[in-house]
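Throughout, a chain's letter reflects where its sequence line sits, starting with A, and its residues are numbered from 1.
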Amino acid sequence: MTPNVPEKVSLEGLEDKWSARWDADAVYKFNRSVSRAEPGPSGRERGIFSIDTPPPTVSGSLHVGHVFSYTHTDTLARFHRMRGREVFYPMGWDDNGLPTERRVQNYFAVRCDPSLPYEPNFSPTPAAGKKQEQVAISRPNFIELCTRLTAEDEKVFEELWRHLGLSVDWGMTYSTVGERAQRVSQRSFLRLLQKGLAYQAEAPTLWDVDFQTAVAQAELEDRELPGAYHRIRFNGPDGRDIEIDTTRPELLAACVAVVAHPDDARYRPLVGKVATTPLYGVEVPFLTHPLADPEKGTGVAMICTFGDVTDVVWWRELHLPARAMIGRDGRIRQDPPPGVEDAPAWAEVRGKKINAARARVVELLRESGDLLSEPRPITHPVKFYEKGDRPLEIVTSRQWFIRTLDHREELLARGEELRWHPSHMKARYESWVNGLNSDWLVSRQRFFGVPFPLWYRLSDDGSVDYGSPLIPDEARLPVDPSTDVPDGFSEGERDKPGGFTADPDIMDTWGTSSLTPQIAGHWEDDPDLFGRVFPMDVRPQAHEIIRTWLFSTIVRSHFEHDCLPWTDAAISGWVLDPDRKKLSKSKGNASTPLPWIEQYGADGVRYWAASGRPGVDTVFDEGQMKVGRRLAIKILNASKFVLSMAPGELAAAVEFTALDRALLTRLAGVVEEATTSFEGYDYARALERTEAFFWVFCDDYVELVKARAYGGQGPEAAASAHRALGLSLSVLLRLFAPVLPFVAEEVWSWSQERSVHRAPWPSAQEFEGVGESDLAVFATAAEVLADVRKAKTAAQVSMRAEVDRVTVLDTSERIARLRLAEADLKEAGRVTDLVLEEARERSVEIVLAAVNQA
RNA sequence: GGGCGCUUAGCUCAGUUGGUUAGAGCACCGCCCUUACAAGGCGGGGGUCGGGGGUUCGAGUCCCUCAGCGCCCACCA
């Protein structure tokens, strides 16, 4: 094909032009006829490269942080596609869970009340004002709104991703709450249940009093909060006082024991005796436990059910009774815990919020004289649900768990087996697994999510038989137990004595997201496809969700398939604002990416993203985008020149000049390095090496051969330049294509029919005809050219200024190299007389033509 | 409390197995409208590599130690 170079080259409109064309030509369509791994012809890899794409949360908005990490993945996808592999690169939408619920509540000013009946024609308009009264609606109505809103959000997301140039197969999207996801989640759950790896238990768990749901260990975060030590007096045996420091005096009624360290000599006489709580007069045992810290407070702690997770440990390990007093709404319960029924103090706190109860208890203690000192303010870490606003409480509830504690060793071995990029991220996985203190709590008391596909029998007295749940056949999945009926029952028997009742809970968002490989790969629904793409090659994700998404995905795959879900994990860093804070929507420091794409082009934005090292937090840098845009423009211009020189069909018989051989050999090295880097998931290094070469190519090589290419040294010498320029450009465009897909495609299209993104990745073979070369020929010539430029700059004359004579004294070796590029050097520097002489020390003398020395 | 990472020019960062005068881009200064490119090109100034100690013929690059920053984990009365 004869190059068809536009008169004027420009980046304007490339995104629209090429994203439409790629779509029309199905450039990124996954070809599932390829088998998982098959040897390719002549060293090119064949087979499939599958990516476990992170499904972005559609209820949020995309910001530059997303663009950053998704670009990284896309460069890898493009690289492997060019290597000849079919890339399985679906896009998922995470529309599951609380963020969606919250967005729907705010967007439509509604709230879900599961007790309400469905209203078929309910269709609210988006809430206008800020504070609008929330309308209570039924669960089915609420879920309809969730679905409606997420569908709209997905469209916006897809548009942006296309604009950014993600080479996703848009025919293969999935959602984490759609029917497929439900089926996969429920099937996997039922299989865990069969294997005894999922179980139900009534146990104290961390509870968010606002969201009214249990929360798992993985969703916790500590926040430093002001608090106060209150020293209070318990009555000990023999009339002796026991002094105890507590930050939660309001829980006094829930006290079931006091505890000291077994080695604490101060309290040894009291151990095994009984202490009496102030205000309530409840007798509790004085016990010992190694977790009691003699250094903390008075060395004696009161154990309450439950003030914190240590209480839970003590309660469990010391086999204490429960005396729960906090309700699911975060208030003190109405009904008193056992043992305090008759205490007048209970009436003072019942039904109160935590803070009010605390204040009242302190007053009461003060009045009774049991408050031994005024509260001493401290700051201490308090556990929060990561999306929550109030401290977590611990309440006892029935929940589903997946066993992880018993499998820690196996899971650690999986972490060992996985290839981590960067490798030190493995440490985070290990510290998480080693720190597990409970099985994975997978049930949530929410509405929008995947329900547990279970019902329970109701006995004749109406009590629930949790022991043997009613399980649907896998072929029925997905089921919604709140509307579907278990086999052998009828709807009329729902919630009736002798009938059945649905499991009310939904799965944790990670309960579904942990199955993205299975969802995306159509596990069981399409065994042929699943066999081709699973286990996957790579999981790209951010480091802060190693403990959640990465961990839980390994758990599911380990239990279900007895293998890793992928061989490699590519962990991306965060995007930081100039103050080094993580960009996030909630902090309001994250900008929407579209304006940046419009200003610098998708390629410019991608360039910035791809400059961020794998796993390294990177500062948001508009300057880098600007640099990326300039690079793209430079590629346009350089390509325009090269293609106007080089014929479409390269004459293969031409003998390369020494300078051209040196340039091409150097480029072959860059190809090798970029290839190795991409194989090792280091897109940033690949880009850096390619770019560095490209600038040398433009500034030195093109300048050195320009005149020769115009024919200054005859047709044969010109042909060598043409061929070297043409080959270099072809290789460079393909090296740039993963990072700068738009400009690479634009330029490629000037001389090629097919997409650059399906062109073969450059290989050493393409340089086979170059022959032996001395790399230093190019470097040495470029050095002298730089000297000439320097002299012209010093003389404040144009680069086109004539030079009468350049005298180079240098070692015989280097002089020999310069002779090989003598003609190019003379023309590039406009040197009339180039004198090359051997000498011990290098020196360069430049005599500019008199006419130019004004 | 444990762990991981980072600390190189004003800024953002490269420096792969230790080896010639430590690199790039941005910013800054100067020059040049050169037929691929003036939203460009060419050239220049500027760091002794967080502090200290050690190994070595030789260390930004390995070891020890200290400091600061960030993150992950932790049973936080």
B:A77 OP1/OP2 closer than 4.0 Å to side-chain N/O of A:H380: yes

Taking OP1 and OP2 of B:C37, is either one under 4.0 Å from a side-chain nitrogen or oxygen of A:K8? no

Quick check on the 6.0 Å ring-centre criterion: do A:Y385 and A:W207 meet it? no

Could you give the distance separating B:C63 and B:U56 at their C1' atoms, to the nearest angstrom? 12 Å

Can you tell me which stems RNA chain B forms when a stem means 3 or more consecutive Watson-Crick or G-U pairs under 3.5 Å? B:1-7 with B:67-73, B:10-13 with B:23-26, B:28-32 with B:40-44, B:50-54 with B:62-66

With the side chain defined as heavy atoms from C-beta on, A:K790 is closest, among B:G44, B:A36, B:C42, to B:G44

With ring centroids as reference points, do A:W510 and A:F551 lie under 6.0 angstrom apart? no

Choose from B:C71, B:G41, B:G30 the nucleotide whose nearest atom is closest to any side-chain atom of A:T793. B:G30

Candidate nucleotides B:C26, B:A74, B:C37, ranked by approach to the side chain of A:V627 - the nearest: B:C26

Flag the pair A:F620 / A:W596 as yes when their ring centroid distance falls below 6.0 Å, and as no otherwise. yes

Testing the 3.5 Å rule here: is there a donor-acceptor pair between the side chains of A:E691 and A:Y607? yes

Salt bridge or not between A:R685 and A:E688? Use side-chain N to carboxylate O under 4.0 Å. no

Is there a donor and acceptor pair closer than 3.5 Å between the side chain of A:R830 and the base of B:U34? no

If you restrict it to nitrogen or oxygen atoms, what contacts under 3.5 Å exist between nucleotides 10-14 of chain B and the protein, and what is each distance?
{"unit_1": "B:U12", "atom_1": "OP1", "unit_2": "A:R580", "atom_2": "NH2", "d": "3.1"}
{"unit_1": "B:C13", "atom_1": "OP2", "unit_2": "A:R580", "atom_2": "NH2", "d": "3.4"}
{"unit_1": "B:A14", "atom_1": "O2'", "unit_2": "A:E688", "atom_2": "OE1", "d": "3.1"}
{"unit_1": "B:A14", "atom_1": "O2'", "unit_2": "A:E688", "atom_2": "OE2", "d": "2.6"}

Would you tell me if any nitrogen or oxygen in the side chain of A:R248 comes within less than 4.0 Å of OP1 or OP2 on B:A77? no

Using the C1' atom on both, measure B:C4 against B:A77 and round to a whole Å. 30 Å

Under 4.0 Å between a side-chain N or O of A:R428 and OP1 or OP2 of B:C4? no

Would you call A:E219 and A:R547 a salt bridge, using N to O less than 4.0 angstrom? no

Nearest to the side chain of A:E544, which nucleotide is it out of B:C72, B:C42, B:A74? B:C72

Who passes side chain to side chain donor-acceptor pair (under 3.5 Å) against A:D700, sequence neighbours left out? A:R789

Under 4.0 Å between a side-chain N/O of A:K706 and OP1 or OP2 of B:A36, yes or no? yes

Side chains of A:T298 and A:E243: donor-acceptor distance under 3.5 Å anywhere? no

